[in-house]
Q: 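Sharing a structure, written as structure tokens. Questions coming.
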Amino acid sequence: MVVGERHLRHVLLSYMSDYNGTRTHLSLNKDALMSRAAETAGRILCRPILGGLHHQHVRI
């Protein structure tokens, strides 16, 4: 639930960041719009995004 313009802007910026930076896109051969190097070492953490609606798994 969005509770005002400021909150809406925060939600939209969070979604845009997730969509462009981490979500894969079929038209880009399953890569994200902002490509990044594959991480192969380190512990995997689950990070909630979009208020916990989705989660991103990252290595640290």
Side-chain angles (χ1 to χ4, degrees):
M1 177 190 300
V2 176
V3 291
E5 182 180 348
R6 184 176 177 197
H7 185 228
L8 176 62
R9 288 180 187 276
H10 174 73
V11 169
L12 290 176
L13 286 173
S14 295
Y15 179 79
M16 185 177 68
S17 175
D18 173 55
Y19 186 82
N20 291 331
T22 59
R23 293 193 56 190
T24 58
H25 299 265
L26 291 175
S27 62
L28 297 175
N29 199 24
K30 293 196 174 187
D31 196 7
L33 291 176
M34 298 185 308
S35 60
R36 63 220 179 267
E39 300 170 350
T40 59
R43 215 171 84 214
I44 298 175
L45 291 179
C46 179
R47 187 177 81 178
I49 53 175
L50 298 174
L53 183 62
H54 293 285
H55 291 83
Q56 178 186 17
H57 296 87
V58 294
R59 289 188 187 263
I60 60 164

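Just so you know, these numbers use all the heavy atoms, side chains as well, and skip hydrogens, waters and symmetry mates.
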Q: Distance check, rounded to the nearest 0.5 Å: Leu45 atom CG versus Gln56 atom CD?
A: 10.5 Å
Q: For the hydrophobic clusters of this structure (ILVMFWY residues joined by side-chain heavy atoms under 4.5 Å, transitively), does one cluster hold both Leu53 and Tyr19?
A: yes
Q: Within the side chain of Ser17, is there an N or O that forms a donor-acceptor pair under 3.5 Å with the backbone of Leu13?
A: no
Q: Taking the side chain as every heavy atom from C-beta outward, state whether Val11 and His7 have any atom pair closer than 4.5 Å.
A: yes
Q: If every non-hydrogen atom of Arg59 is compared with every non-hydrogen atom of Gly42, which pair is closest and at what distance?
A: NH1-O, 3.0 Å
Q: Do you know which two heavy atoms are closest between His57 and Ile44, and how far apart they sit?
A: CB-CG2, 4.1 Å
